[in-house]
Amino acid sequence: MAIRQLPDRGNSMETFQEILGQKMTEALDASGLPQAGAVTPATDARFGDYQSNAALILGKQLGENPRAIAQRILDAYDLWDLCDPPTIAGAGFINFTLRSETIAAHTGDLLRDERLGVEKAATPKRIVIDFGSPNVAKPMHVGHIRSTVLGDALARIASFLGHEVIRDNHIGDWGTQFGMVIYGWKHLLDRAALERDPIAELVRIYKETNEKATSDPKVREAVREELVKLQAGDPENFSIWKETVDLSLKEFERAYQVLDIHYDIQRGESFYNDRLPTVVERLLKSGIAEVSEGAVCVFFRDIPELGEKPAIIRKSDGGFNYTTTDIATVDYRIQDLKADTVWLVVGAPQILHFKQIIAIARREGYTADFRHVTFGSILGEDRKLMKTRSGENVPLRDLLDEAVQRARKIIEEKNPDLSESEKVDIAQKVGIGAVKYYDLSQYRMTDYIFSWDRMLSFQGNTAPYLQNAYVRIRSIFRKAAVAVPLWGALDGANPAKITLITPEEKSLALKLSQFAEVVPSMLNDFRPNLLANYLYELANAFHSFYEACPVLKSEEPARSSRLGLCELSARVLAKGLDLLGINVPEKM
RNA sequence: GCGCUCAUAGCUCAGCCGGAUAGAGCAUCGGAUUUCUAAUCCGACGGUCGGAGGUUCGAGUCCUCCUGGGCGCGCCA
């Protein structure tokens, strides 16, 4: 979208929620009542635009009639002509209906604000976000979608809110599987196959070695020795390991290009290797860890849910495991990266593990805020974990290719006149956007059933539906003789005059003003689906407006006002989708 | 056995701190277009929110128990 650079107006804009909330605070003070509840958007348009349940809460606390309290509040309430006189309804709800002029003026302000009304966080934090975490020598698969897409969206949202974000890919590049890989590399490797498809060949040698090791104790022993040699720093094994890591990183990077997801740092498990002995010694010295059955363990006897479940940080054979690595990772992120908070976007099965890690961090005196952001699984049509027909994980590469192909097919049916380069671009944006949006639009904890038809549908809460709303707007501006009639106004010199006549215009404008309320709320519980819901409602409101209100054919001043609504809708849609990591095409 | 998590319309899913008659999309049925992209819009039909208690002015939401699914629980990651 060709947005001219606008001035950053900082935190000068307040949302209606904040303004009304402030008014409520003052009114409660003036009434001699304690503070209670927040002003929220109305649960139903019939009740107005916003509501307060303060009187209900206070009625309970004070043992008085809620409606009487509501009246007492309203008697002290100064609305500054912001809305119609508030009404008391039901058990004691206070309903606010904003005046059209109020919303119109606010919409004009939004058109002049680069941040679309979204305030920056009052206290910016340095946040390390750990997401993605694929394993070396294995293909990325469908199981990586949720962590990768969710983590990226959270990173985009946090950045937009003014936080300093460090995206870290905690790659699985160390561990017992390398005994297999190195043995396979030495005995089974097909160099030509490796050239053609490195990951496929690495998987093949891993699998074949695994089979041999299962049936042949000699191979099993040889595999173990290769691992020991690698860990001891044997030059040959180290260089094989390094090569597999490099090949894998190259492969991951291809997926990240397609997904338009990028990391600030990629600290794999191997990065922490030389820190592990120190970690164990330190924990032993401080008494946090103790030796049990030959292993070094941390017990959590004071935490009921962890009581019977110690964390092993050094095995009885002297080796370290991933718990040790993750403790070293905490050290690095807090001490070296100076993080205020760490978000671990890792699936729910590891809840116990991260509870242990976080508990250990607490005992070590770390005060940073650690959040384990969990999520459910992706299921196939059979409601079981999504697999290929042969029972394997679905490779991410195949899945993304198919998304783009399917999108392309739909576009060719619906809009065959597009040029080849346009089709390529649109198929990419629609296909990848559909996959991401389908994931992000659902509550992260629920398992969801993967369905091409549903995610690529142009109806309902899907990326194509939202992208289409944007495309329609862009089409209006292409049709308009003047390419960017409002941009002058956007500089602030000559603001577009917004007038809201029809109900569709008013509800669209109100919806647009609420972007600034929704964006910050997402980080309360890491819920991008709240933004997705909002964008769907916005696109819906826009489409209703589009049906009811001709833009280019209408007379001034409605025409300019409606163009302004279109422009702001496009910007909010594009920005909202961008925060979810989704791009918008100009045509489709 | 212990722990985490989920259960909402025929299907897929929303429902933030407890708030008004539980919402969408698909499917089914009925309308709107010589179009600013109908790829859309408007409407109808469809629910004992897994079950049973409890907390209170009010529970899909909080507590207890039960049923069912998924996942995890000392030397894999």
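Chain identifiers are assigned alphabetically (A, B, ...) following the order of the sequence lines, protein sequences preceding nucleic acid strands; residue numbering begins at 1 within each chain.
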* To do: Please work out if Phe47(A) contacts a base, only the sugar-phosphate, or nothing of the nucleic acid, heavy-atom cut-off 4.0 Å.
  => base
* What is the nucleic acid contact for Ile351(A), judged by heavy atoms within less than 4.0 Å: base, sugar-phosphate only, or nothing? -> sugar-phosphate
* To do: Check every strand shown and say whether Asn53(A) touches a base, only sugar-phosphate, or nothing at a heavy-atom separation below 4.0 Å.
  => base
* Give the ring-plane orientation class for Trp174(A) versus Trp241(A), where under 30° counts as parallel, over 60° as perpendicular and anything between as tilted. => perpendicular
* To do: Report which part of the nucleic acid Asn65(A) touches: base, sugar-phosphate, or nothing (heavy-atom distance under 4.0 Å, all strands).
  => nothing
* Under a 4.0 Å N-O cut-off, is there an ion pair linking Asp525(A) with Arg444(A)? -> yes
* Looking across every strand, which nucleic acid part, if any, lies under 4.0 Å from Pro349(A) by heavy atom: base, sugar-phosphate, or nothing? -> sugar-phosphate
* Which part of the nucleic acid does Ala89(A) contact within heavy-atom distance under 4.0 Å: base, sugar-phosphate only, or nothing? -> base
* To do: Would you indicate what Glu293(A) reaches in the nucleic acid, counting non-hydrogen atoms under 4.0 angstrom: base, sugar-phosphate, or nothing?
  => base
* Start at the 5' end of RNA chain B and walk down; is the nucleotide closest to Thr40(A) or to His543(A) reached first? -> Thr40(A)
* **Asp326(A)-Tyr272(A) side chain donor-acceptor pair, cut-off 3.5 Å** => no
* Across the strands shown, which category fits Asn529(A) at heavy-atom distances under 4.0 angstrom: base, sugar-phosphate, nothing? -> sugar-phosphate
* To do: Using a heavy-atom cut-off of under 4.0 Å over every strand shown, decide if Tyr546(A) touches base, sugar-phosphate, or nothing.
  => base
* Between Asp44(A) (CG) and U21(B) (P), how many Å, whole number? -> 11 Å
* Just how far, in rounded Å, is P of C71(B) from CE of Met445(A)? -> 14 Å
* To do: Remember a base hit wins even if backbone is also touched, and classify Ala348(A) as base, sugar-phosphate or nothing at under 4.0 Å, heavy atoms.
  => nothing
* Asked: Counting only N and O atoms by type, is there a donor-acceptor contact under 3.5 Å from the side chain of Gln71(A) to the main-chain atoms of Arg67(A)?
  -> no
* **Under 3.5 Å donor-acceptor pair, Gln51(A) side-chain atoms to A20(B) base atoms** => yes
* To do: Would you mind classifying the nucleic acid contact of Ser521(A) as base, sugar-phosphate or nothing, using non-hydrogen atoms under 4.0 angstrom?
  => nothing
